**Q** 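First the structure, which I've put down as structure tokens, then a few questions once you've had a look.
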Amino acid sequence: MDFGFSPEQEMLRETARKFLAEESRSAFVREMMDSTAGITPELWQKMAELGWLGLIYPEEYGGAGGSFVDLTVILEEMGRVVFPGPYFSTLLLGGLAILEGGDGTQKKAWLPRIATGEARVTLAWTEPNGRWDAEGMTLTAKRDRDAFVLTGTKLFVPDAHTADALVVAARTGNGPEAGVSLFLLPRESPGVTVMLLPTMDHTRKLCEVTFSVTRVPADALLGEAGRGWRILQRVIDRATVGLCAEMCGGAQKVLEICTEYAKVRQAFGKPIGTYQAVKHKCADMLLLTENAKSITYYAAWAVSEDVPEDSLAASMAKAYASDAYRKVAQDGIQIHGGIGFTWDHDLHLYFKRAKSSEVTFGDANYHRERVAQLIHL
Amino acid sequence: MDFSLTAEQVQFRDEVRGWLRANVPPDWGSRPLFGPDSPVELHSFLRDWQRRLFGAGFLGLTWPKEYGGRDLSYMEELIFNEEMAEAKAPPILNLLGIYLAGPTIIAYGTDAQKQRLLSKILSGEEIWCQGYSEPNAGSDLASLQTRAVLDGDHSVVNRQKVWTSLAHVADWIMLLARTDPKAPRHQGITYFLVDMHSSGITVRPLRQLTGDAEFNEIFFDNVRVPAASILGGVGNGWQVGLTTLMYERMALGFGLQIRLRMALDHLIALARRNGGAAARNPIIRQKLAQLWIETEAFKYTGYRAITKLLRGELPGAEGSTGKIFWSETHQRLQALAMEIEGPYAQLTTGSRWAIEGGLWQHLFLRSLGNTIEGGTTEIQRNIVGERVLGLPKD
Ligand SMILES: Cc1cc2nc3c(=O)[nH]c(=O)nc-3n(C[C@H](O)[C@H](O)[C@H](O)COP(=O)(O)OP(=O)(O)OC[C@H]3O[C@@H](n4cnc5c(N)ncnc54)[C@H](O)[C@@H]3O)c2cc1C
């Protein structure tokens, strides 16, 4: 047994940490918060050159053939700097959906272009009803001879406004799961309107995407008709684990910021870290962060190796990390007092990221119930 | 990352598994570990059980061969503990000897001490207890007042220890005593290995809030201890004592995760009683799932720590919170059992209405000690804050 990262993965981590510390300083993140795109073309290009955009694609599609665990190493580092932009949505949502569900033609058409940085893709999945289950899928795709017609609204779609293509989950039939199909279409398709939404976490751009009689050819189907739910489940489980890795990185960074501050900030003639109300909070932050990492690393291994309990592992990680990151980030603000409540201090970026991550793909309550079902409680 | 076992480890696991299947007494599971049952009989049974485990070669797995060990890695230690738990095997009586005293003696002992003491620790011939706490020195251990006066080739020990688990059956004690009252607190302490059968030692059992008497107070009245029983040198007791505590924390990683999991399986079975109304209650489901997740998190945090040991690296931050997390999670688990039992939570051993003979009530009450024994959670949080995170001491 060896439950740790390989020397190559540790090297990847080191490279990523250096790169992100340089390229994604607080000032940059804040600039991107105010921007519409959430990223600069230059930085995107640099990430392509590092091989990050095609990290987990097979070499035949221009990728680096890395494992999912490799990807989580980079994501954990991105979480440390509250990395903005469409990396997550392109790699873990749109890109992963094409990788998992696409046929040879679709993969060839998109994956190499994602890897080089030419194309970005996202996943339009959730709807105004805010549900995570198959029954929540109401956007319709009606067959019309050799085409499908999509009608409905998707909500909380990350980065749709800068994506070149969308993977859309739609209802093609009855039966909650058996009626779900996926479609891959250019965002510029007729009848598609994208509207950027104001979000609490400005580092994550979310959109409303409406489809008013959007006609797509039959070969826009990603995977077979009626088989979309299974693909979606796999993609979401993997994206969930990726999100947990980001959350672990964020929690770790908040812990570091707080312990440093607790050593230097004085009150009543002593560093505040001397006081147990602060010291014990820091100890608990460490406990939560280390446990979140342990269960996330396990989940990363589970999806990387495609073991049968991968969904259970993903839900365990998400339930734990959701509560842990929120608590760590909130305690972090408390430990800083007034300065922690300011816009200028970075802690609120972490807190808001913790909050948006917590509810994305289902919060802790949702995943605990899913765990209960998966262990046949 | 790789969770697989090597061929040798699989072979070792099968060896342990096969042996346990053949040797765990079939009626053991139903035997009450607590209550009015005669502890004398229980202890002689457990001594015999340990002797057989030793005979089979399963104790002191990581110890050097010359002291009766097998020179194996922590991986085998983990496998052994998991198999013991899985087989619901009786516990090891001399836990403190095997996991605390033994490694400390291996680290600091003279050849004569190693020859005399180590193999009898493994065989269970000599049971050990840990004499640290005193009436006025618990969390603040360095303020201990038990006095040892060096007198030629002997030391003379006086005063008192308290809360000493197993002292009523122990043959030896790891004893911290003050040898130099004038030296700075941490420097005047010496670590002794004392024969509990020495004259002048009186052990008085103390009744715990569970009703059992697992721990004791020990009085030392001019107990003459030979100089050869000093471990690690005069005045070096604090250092040696901390080493023991380090081994104590490490030992946690092995057995506890799987025992927590078994307790949880048992709790889920409790929730399924009577048509499973509790298991369908959404609030109870949330709590059970959370315990499941925490149990898994505890396991994988332990695996990360063991991986460090196996790679020959120093234990890192991931191992430091285990005691806090385990004790608090176990308390939540036991509290949930009471919640699930509802009004039946009030009934204990002796009532025909008591669920599972009042087992859960006992476990629930016993769990209150988890956040006190082995260093309170407040002290553990101080340690994590100061030694791991580097925050200033008060
Ligand atoms: C079941 C059980 C078995 C035990 N077995 C053994 C044994 O075999 N051998 C042995 O030597 N001891 C044993 N102990 C004793 C145990 O180690 C001590 O009880 C423990 O270390 C606390 O010491 P104390 O009882 O003196 O409490 P105190 O030290 O008086 O503590 C009282 C309270 O004050 C808090 N406190 C104290 N100092 C601080 C601080 N600096 N910051 C914040 N809070 C503080 C504590 O956390 C606690 O809540 C056992 C105890 C129990 C319950």
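Since the structure is predicted, the reported quantities are computational estimates derived from the model, not experimental observations. In what follows, chains carry the letters A, B, and so on, assigned in the order in which the sequence lines appear, proteins first and then strands, with residues in each chain numbered from 1.
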**Q** Which region of B/Ser4, side chain (C-beta onward) or backbone (N, CA, C, O), has a non-hydrogen atom less than 4.5 Å from a non-hydrogen atom of chain A, or is it both or neither?
**A** backbone

**Q** What salt bridge (charged side-chain N to carboxylate O under 4.0 Å, His left out) pairs are there with at least one residue in residues 249-258 of chain A, not counting sequence neighbours?
**A** A/Arg80-A/Glu256

**Q** Under 4.5 Å heavy-atom distance to chain A, tell me which part of B/Leu288 shows up: side chain, backbone, both or neither.
**A** side chain

**Q** Does OH belonging to A/Tyr366 count more than 12 external heavy atoms closer than 6.0 Å?
**A** yes

**Q** For A/Gln276, which atoms come within 4.5 Å of any heavy atom of chain B: side chain, backbone, both, or neither?
**A** side chain

**Q** Which heavy atom of A/Met316 sits nearest to which heavy atom of B/Glu296, and what is that distance?
**A** SD-CG, 3.6 Å

**Q** A/Asn291 and B/Phe298: side chain to side chain contact (heavy atoms under 4.5 Å, CB included), yes or no, with the steps?
**A** CA-CA 7 Å; A/Asn291 281 334; B/Phe298 182 60; 5.7 Å; no

**Q** Stepwise, does the side chain to side chain contact (heavy atoms under 4.5 Å, CB included) test hold for B/Leu78 with A/Met1?
**A** CA-CA 11 Å; B/Leu78 177 69; A/Met1 183 185 78; 4.3 Å; yes

**Q** Could you give me the CA-CA distance, side-chain angles and deciding distance for B/Phe3 and A/Tyr298, then say whether side chain to side chain contact (heavy atoms under 4.5 Å, CB included) is met?
**A** CA-CA 10 Å; B/Phe3 290 96; A/Tyr298 163 67; 4.1 Å; yes

**Q** Counting only heavy atoms closer than 4.5 Å, note whether B/Arg311 contacts chain A via side chain, backbone, both or neither.
**A** side chain

**Q** With a 4.5 Å cut-off on heavy-atom pairs, point out which of A/Thr259, A/Val278, A/Val371, A/Leu287 contacts chain B the most.
**A** A/Leu287

**Q** Minimum heavy-atom separation for B/Leu391 to A/Ala262, with atom names?
**A** CD2-CB, 3.7 Å

**Q** Can you tell me if A/Arg368 uses its side chain to pair, donor with acceptor, with the backbone of B/Arg285 under 3.5 Å?
**A** no

**Q** What part of B/Glu378 gets within 4.5 angstrom of chain A, counting heavy atoms only: side chain, backbone, both, or neither?
**A** both

**Q** Can you tell me which of B/Gln9, B/Lys287, B/Glu386 forms the most heavy-atom pairs within a distance under 4.5 Å of chain A?
**A** B/Glu386

**Q** Flag the one option from B/Ile268, B/Thr6, B/Asn382 with the top tally of heavy-atom pairs under 4.5 Å to chain A.
**A** B/Asn382

**Q** More than 12 non-hydrogen atoms from neighbouring residues, nucleotides or ligands closer than 6.0 Å to CZ on B/Arg13, yes or no?
**A** yes

**Q** Picking from A/Leu286, A/Leu374, A/Asp323, which has the most non-hydrogen pairs under 4.5 angstrom with chain B?
**A** A/Leu286

**Q** Check this for me: B/Asp2, atom CG, are more than 12 non-hydrogen atoms of other residues, nucleotides or ligands nearer than 6.0 Å?
**A** yes

**Q** Does atom CZ of B/Arg332 have more than 12 heavy-atom neighbours, drawn from other residues, nucleotides or ligands, at distances under 6.0 Å?
**A** yes

**Q** Does a sphere of radius 6.0 Å around CD in A/Glu10 hold more than 12 heavy atoms from other residues, nucleotides or ligands, not counting ones at 6.0 Å or beyond?
**A** yes

**Q** Would you say B/Arg381's side chain and A/Lys281's backbone share a donor-acceptor pair under 3.5 angstrom?
**A** no

**Q** State whether the number of non-hydrogen atoms from other residues, nucleotides or ligands found under 6.0 Å of A/Met11 atom CE is greater than 12.
**A** no

**Q** Between A/Tyr297 and B/Tyr300, is the gap from one ring center to the other below 6.0 Å?
**A** no

**Q** If I measure from the heavy atoms of chain B, does A/Leu255 come under 4.5 Å with its side chain, its backbone, both, or neither?
**A** side chain

**Q** Give, as side chain, backbone, both or neither, the part of A/Glu260 having an atom under 4.5 angstrom from any heavy atom of chain B.
**A** neither

**Q** Hey, are B/Asp394 and A/Thr274 close enough side-chain-wise for a donor-acceptor pair under 3.5 Å?
**A** no

**Q** Counting neighbours of CD on A/Gln330 that are heavy atoms of other residues, nucleotides or ligands and sit closer than 6.0 Å, is the number greater than 12?
**A** no

**Q** Checking B/Met1 against A/Asp2 for the side chain to side chain contact (heavy atoms under 4.5 Å, CB included) test, could you report, in this order, the C-alpha distance in whole Å, the side-chain angles of both residues, the deciding distance, and whether it holds?
**A** CA-CA 5 Å; B/Met1 286 177 193; A/Asp2 186 72; over 6 Å; no

**Q** Taking CD in A/Glu309 as the centre, count heavy atoms belonging to other residues, nucleotides or ligands within less than 6.0 Å. Is the count above 12?
**A** yes

**Q** Using modelled atom types only, decide if a donor and an acceptor are shared between the side chain of A/Lys279 and the backbone of B/Pro392 within a distance under 3.5 Å.
**A** yes

**Q** So which of B/Gln286, B/Arg280, B/Lys393, B/Met75 has the largest heavy-atom pair count under 4.5 angstrom toward chain A?
**A** B/Gln286

**Q** Any donor-acceptor pair under 3.5 Å linking the side chain of B/Thr307 with the backbone of A/Phe3?
**A** yes

**Q** Would you mind checking which part of B/Ser320 comes under 4.5 Å of any heavy atom in chain A, side chain (CB onward), backbone (N, CA, C, O), both or neither?
**A** side chain

**Q** Heavy-atom pairs under 4.5 Å with chain A are the metric here; pick the option from B/Thr301, B/Ile324, B/Val384 that has the most.
**A** B/Thr301

**Q** If you take all heavy atoms of B/Leu389 and A/Ala283, which pair is closest and at what distance?
**A** CD1-N, 4.0 Å

